[in-house]
Amino acid sequence: MTVRVLRPATLAEALARLAESRCTVLAGGTDLLVRHRTAAGALPDLSGDVLLVGRLDALRGIARDGGALRVGAAATFAELLESPLVPDLWKEPFASVGSPAVRNVGTIGGNAANASPAGDSLPLLAALDGVLLLQSARGERMVPFRDFHLGPGRTALAPDELLVALRLPLLPHDRGVWWKVGPRRANAVSKLSFLGLAAVEDGIVRDARMALGAVAPTVVRVPQAETLLAGLRAVDVPAAADRVLALLSEAIRPIDDVRSTRAYRREVSLRLARRFLEEVLPR
Ligand SMILES: Cc1cc2nc3c(=O)[nH]c(=O)nc-3n(C[C@H](O)[C@H](O)[C@H](O)COP(=O)(O)OP(=O)(O)OC[C@H]3O[C@@H](n4cnc5c(N)ncnc54)[C@H](O)[C@@H]3O)c2cc1C
């Protein structure tokens, strides 16, 4: 079958193409071309039309939008890392994606739409309560990130929809951690990850968020555990750690696969959560 590569000039043209017929949407291609790779040097095995969306203006740019950032779905990780608008606490997960070459072309929208449980930007998008703007020729809708992933590789995107932008609230977090556990530092898919963010004011925890990656089909956040922390004196958080960890432990559902084991994932993710609660939050 002949593969046509379509380069729409505008979002409207791209949406019209998607409405007409099934296309494979390609932004940076770092997931897609690997997934469809054939023998070294040969063309990837893509059937049907390929719609290039990485250069569409509507999907690009990072801009302030009230109390949030509007990040175009085709913003690359390199662009996010270079942007002065992006808070430093958000940059660690972006910096841990692949290698400089991958970050130069890999996009945040591609990471979200690919829906790998190990996607490095996903715990952050979950922790921030990000909202995704999806558009098709039928109209647009805003989908909270927590409703976007239906399982590994499965999202709420309809076949004729594009992920156009992400709205990420700018929150007053003053401390945070991103720990990615992988086989090596670069170009490594994570075995598991932990993201913690907190705002502490006058010694009181005003807001605390924890998101665990690759320990369940989708990112795990446990609202009851976060509520338990809010309002505590930061120095009293270690005393509450066991109760918080019990809630996290109940919520995670790690599996055995080629990258790690269920037992390792459970043990290490809970240890990282404990470290956040005992060492980072009270600091
Ligand atoms: C060597 C290597 C190392 C890597 N290391 C990491 C890593 O450490 N951490 C990590 O998280 N990932 C890693 N990845 C995976 C990949 O780079 C990221 O997931 C990246 O963010 C994908 O973005 P992309 O633009 O290249 O997506 P693409 O490959 O273009 O697309 C991925 C999927 O999303 C869909 N899609 C893309 N954009 C849109 C859109 N706007 N609307 C609707 N659907 C869309 C595509 O149809 C496809 O199904 C690595 C990949 C490689 C090749």
Side-chain angles (χ1 to χ4, degrees), residues 5-8 11 14-15 17-19 22-37 40 44 46-61 71-81 92-126 132-137 140-141 143 148-150 152-166 178-193 195 211 213-214 218-219 259:
V5 177
L6 308 173
R7 293 182 179 76
L11 176 60
L15 297 178
R17 288 285 187 184
L18 278 173
R22 278 279 177 102
C23 300
T24 302
V25 173
L26 189 148
T30 58
D31 271 315
L32 213 52
L33 298 182
V34 172
R35 200 185 317 148
H36 295 277
R37 70 180 176 272
L46 288 162
S47 52
D49 296 341
V50 176
L51 190 70
L52 303 187
V53 298
R55 300 265 166 223
L56 288 175
D57 286 344
L59 271 67
R60 299 198 59 89
V71 178
T76 65
F77 289 109
E79 287 164 351
L80 285 156
L81 286 167
E92 278 202 49
F94 301 152
S96 72
V97 173
S99 60
V102 173
R103 293 192 289 273
N104 277 340
V105 281
T107 65
I108 190 163
N111 204 235
N114 194 53
S116 157
D120 282 344
S121 71
L122 310 185
L124 179 72
L125 303 185
L132 310 186
L133 170 64
L134 311 187
Q135 236 173 303
S136 70
E140 63 176 51
R141 58 187 180 125
V143 175
F148 184 64
H149 284 156
L150 309 177
R154 292 195 304 123
T155 71
L157 274 166
D160 63 343
E161 268 181 327
L162 277 182
L163 170 55
V164 171
L166 301 87
W178 162 249
W179 287 312
K180 168 175 172 172
V181 180
R184 54 180 185 265
R185 279 182 71 83
N187 272 341
V189 179
S190 74
K191 295 172 191 280
L192 63 104
S193 60
L195 179 105
T218 58
V219 173
R259 283 194 286 281

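Both counts, for ligands and for their atoms, begin at 1 and track the order of listing. All values reported here derive from a predicted model rather than from experimental measurement. Residue numbers count from 1 along this sequence.
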Is ligand 1 under 4.0 Å from a heavy atom in the side chain of [X], in the backbone, in both, or in neither?
X	answer
Arg103	neither
Arg35	side chain
Leu157	side chain
Leu33	neither
Val102	side chain

Which of the numbered atoms in ligand 1 are under 4.0 angstrom from any heavy atom belonging to [X]?
X	value
Leu59	41 (N)
Thr107	20 (C), 21 (O), 23 (O), 24 (P), 25 (O)
Gly119	11 (O)
Lys180	7 (C), 8 (O), 9 (N)
Ala27	25 (O), 30 (O), 37 (C), 38 (N)
Leu32	29 (O), 48 (C), 49 (O)
Phe77	21 (O)
Leu162	42 (N)

Is it the case that ligand 1 has an N or O less than 3.5 angstrom from some N or O of [X]?
X	value
Val25	yes
Gly106	no
Gly109	no
Asn111	yes

### Message
Please find the pair of heavy atoms, one from Ala214 and one from Leu192, that lie closest to each other, and give the distance.
### Response
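Smallest interatomic distance, heavy atoms only, reads CB-CA, 3.8 Å.
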### Query
Looking only at heavy atoms, which two atoms of Ala78 and Asn104 are closest? And how far apart?
CB-OD1, 3.3 Å
### Task
Please step through side-chain contact (heavy atoms from CB on, under 4.5 Å) for the pair Leu157 and Val143, ending with a clear verdict.
CA-CA 10 Å; Leu157 274 166; Val143 175; over 6 Å; no
### Query
Hey, does Val219 have a side-chain heavy atom less than 4.5 Å from the side chain of His149?
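No, every pair of side-chain atoms sits at 4.5 Å or beyond.
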Checking [X] side chain against [Y] main chain: does a donor-acceptor pair fall under 3.5 Å?
X	Y	result
Lys191	Val181	no
Arg7	Leu52	no
Arg60	Arg55	no

Identify which of [options] has a heavy atom lying nearest to [atom].
atom	options	result
atom 34 (O) of ligand 1	Ala113, Gly28, Ser116	Ala113
atom 31 (O) of ligand 1	Gly110, Cys23, Ala14	Gly110
atom 22 (C) of ligand 1	Val189, Leu26, Asp31	Asp31

To which protein heavy atom is [atom] closest, and what is the distance rounded to 0.1 Å?
atom	value
atom 40 (C) of ligand 1	Leu163 O, 3.7 Å
atom 51 (C) of ligand 1	Thr30 O, 3.9 Å
atom 13 (C) of ligand 1	Val97 CG1, 4.1 Å
atom 6 (C) of ligand 1	Gly98 N, 3.5 Å
atom 3 (C) of ligand 1	Asn187 OD1, 3.4 Å
atom 9 (N) of ligand 1	Asp120 OD2, 3.0 Å
atom 28 (P) of ligand 1	Gly29 N, 3.5 Å

Can you tell me how far apart [atom1] ([X]) and [atom2] ([Y]) are? Round to the nearest 0.5 Å.
X	Y	atom1	atom2	result
Arg103	Leu80	CZ	CG	11.5 Å
Thr107	Leu26	OG1	CG	9.0 Å
Thr155	Leu150	OG1	CG	6.5 Å

### Query
Excluding sequence neighbours, so at least two apart, what forms ring pair (Phe, Tyr, Trp, His ring centres under 6.0 Å) with Phe148?
none
### Query
Is Val34 near ligand 1, meaning one of its heavy atoms is under 4.0 Å from it?
yes
### Query
Contact between Ser96 and ligand 1, counting heavy atoms under 4.0 Å?
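It does; at least one heavy atom falls under 4.0 Å.
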#### Entry: Evaluation steps, side-chain contact (heavy atoms from CB on, under 4.5 Å), between Val53 and Leu51
CA-CA 6 Å; Val53 298; Leu51 190 70; 4.2 Å; yes
### Query
Under the side-chain contact (heavy atoms from CB on, under 4.5 Å) criterion, do Val189 and Arg259 qualify, and how do the steps go?
CA-CA 8 Å; Val189 179; Arg259 283 194 286 281; 3.3 Å; yes
### Task
Step through the shown structure and confirm whether more than 12 heavy atoms of other residues, nucleotides or ligands are within 6.0 Å of CZ on Arg141.
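Correct, the count exceeds 12.
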List, one per line, each side-chain donor-acceptor pair under 3.5 Å for residues 108-126, sequence neighbours excluded.
from	atom 1	to	atom 2	distance (Å)
Asn111	OD1	Ser121	N	3.1
Asn111	OD1	Ser121	OG	2.7
Asn114	OD1	Arg35	NH2	2.7
Asn114	ND2	Asp31	OD1	3.3
Asn114	ND2	Asp31	OD2	3.1
Ser116	OG	Ala118	N	3.0
Asp120	OD2	Ser96	OG	3.2
Asp120	OD2	Lys180	NZ	2.6

### Message
As a test of understanding, state which of Leu163, Leu162, Val164 forms a side chain to side chain contact (heavy atoms under 4.5 Å, CB included) with Leu134.
### Response
Leu163
